[in-house]
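Accompanying notes for the structure given below.
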Amino acid sequence: MSAKKRPEDLRSHRWLGVTDLRSFGHRSRMRQMGYDGEDWGGKPVIGIINTWSDANPCHVHLRTRAEEVKRGVLQAGGFPLEMPAMSLSESFMRPTTMLYRNMLAMETEELLRSQPIDGAILMGGCDKTTPGLLMGAISMDIPTVFVPAGPMLRGNWHGQVLGSGSDAWKYWDEKRAGKITEEQWSEIENGIARSFGTCMTMGTAATMMAVAESLGMTLPGASSIPAADASHSRMAAQSGRRIVEMVWDDLKPSDIITKDSVDNAIKVHMAMGGSTNCIIHLVAIARRAGIKLEMSRFDELSREVPVIANVRPSGAYLMEDFYYAGGLRALMGQLRSVLDLRARTVTGASLGENIEGAEVYKPDVIKSLNDPVSRDGATAVLTGNIAPRGCVIKPSAAEKRLHKHRGKVIAFEDYNHMAREVERDDLDVTADHILVLKNSGPQGGPGMPEWGMLPIPKKLVKQGVRDMVRISDARMSGTSYGACILHVAPESFVGGPLAFVQTGDEIEIDLPARKIHLHISDAELARRKAAWQKPAPRYPRGYGALFSDHIGQADDGCDFDFLVAPGKVPEPEIH
Ligand code: FES
């Protein structure tokens, strides 16, 4: 952070404050929109990157919230300009929003770079929007505040609380087992999503919004406020006021995101029982900030920090309850002894100062390090001969009996193969089998879809089986649960050893030892590898082809190689 800026130091001054022909054009076009010099003259121009969309139910309120941000910007003497960006709606996009996270990151970075913007407000929350927006803003490195969309209200069915994702999977299995009727299933459809806002279980959205806050990129407490709560509007306006001050102070992401703040974010993720997707996104975020984060760091810290947020799928409550219990400030207060409290944040104060006085109001929802929800850890990273670069599992969401397990494999070549087979009543499968899904990784999916919670075969569901070991190079929704081993790297589509697993093989997993092993000889593995044929790329042209050519593997955060490349992009010339 350098000394206070003067109006002529602003980026926007190069567009609007000089007197050449080009700036005449910029100002005349500002006037075309009904503004005059009083609106912009010498003021920080704040770009509000808004991922509002009619096709994204998690973000429908962001249109109104942008107006509230603008109110704050104007109050503080700034000039707001709202700019729409790709929304990445988890609810509707196929094959997966992950295919487009890097596209949003590129869009964010280039929107900010190419226009007269001095500071940024990022508005998002639905899963990939948070990392996408942050990655772009970090690469651009101008003052930035993230405004999280916030979780939706609790779901309700016949007086029972329903959680996003988790209860959909749970009742789908009840329906497959013939335990609930079509009519009840459609009642659940009416009650599971009752307001705007993101999923309200500890899915990827809640995890990544908390990660943004624990990195120091939101106002204190912002990530836990339910979208429909009036506090959310006030937080939006406060963020608008704060970003104007940050521009004058030149407080940038590079002043905030450090190795220590990344460690803080990992610890918060562990304590929240966060989504496994966080590993991929946080690796990508850290690497954009020049921090070489490895998956092994997650494993190290998962042994230090237990799960203390009693929120589904690892716990019992939902994000609305978490907010009433004190929210993320209260959770971070419980972690004081393990966090680096000196880490700087967008407030200009330290994390320690921001959580000063935070209290837990409901100790059953936010527990303590001495009395956690689970000591098993939110994330374990395993390695072995089928995952030389690692794979991950969420031990706290898996049945304990499966933490050490050896079983016979049933292997599926792709998603459609798997989807057909699991519905067969005559499938030769027991609860001790291990299901393996191939070709679901970054290139194979493509985009590494959330297929990692493979359905329990119908035959076993009817017998009451609700968990078994499943292995894939896919991801899993943070709202999912079970003994699902994910992100196997390198993926099968590019010839990772998962490609050579066959039905009838045996695999052994040992979570305490962090090991996974395919019981075949090295010679047999080599023979299968020699016989393997590389599949054709999924896309012949367009963005998908660019994606396939440049996407990194899961352990590298799935960023594009040319986006993590070192070097500074020059400011655009103004002619
Ligand atoms: Fe948007 Fe879950 S669908 S957060």
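Ligands are counted one by one from 1 in listed order, and the atoms in each one are counted from 1 as well.
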Mark yes when over 12 heavy atoms from residues, nucleotides or ligands other than Tyr415 sit less than 6.0 Å from its OH; otherwise mark no.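 Result for OH/Tyr415: open.
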
Check step by step if side-chain hydrogen bond (donor to acceptor under 3.5 Å, both in side chains) holds for Arg312 and Thr201. CA-CA 5 Å; Arg312 298 183 200 179; Thr201 39; over 6 Å; no

Which atoms of ligand 1 sit under 4.0 Å from any heavy atom of [X]?
X: Thr198; value: 4 (S)
X: Ala205; value: 4 (S)
X: Glu90; value: 1 (Fe), 3 (S)

I'd like to check Ile355 versus Pro220 (side-chain heavy atoms, cut-off strictly below 4.5 Å). Are they in contact?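 Counting from C-beta outward, Ile355 and Pro220 never come under 4.5 Å.
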
Close approach of Ser91 to ligand 1, heavy atoms, under 4.0 angstrom: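 True for this residue.
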
N/O/S of Cys199 less than 2.8 Å from atom 2 (Fe) of ligand 1?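 True for Cys199.
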
Metal-centred angle, SG of Cys58 through atom 1 (Fe) of ligand 1 to SG of Cys126, rounded to 10 degrees: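 Roughly 110°, rounded to 10°.
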
Just verifying a value: how many Å separate Ser472 OG and Leu498 CG, rounded to the nearest 0.5 Å?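 If we round to the nearest 0.5 Å, Ser472:OG and Leu498:CG are 7.5 Å apart.
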
Side chains of Ser89 and Ser87: donor-acceptor distance under 3.5 Å anywhere?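 No, no side-chain donor-acceptor contact under 3.5 Å.
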
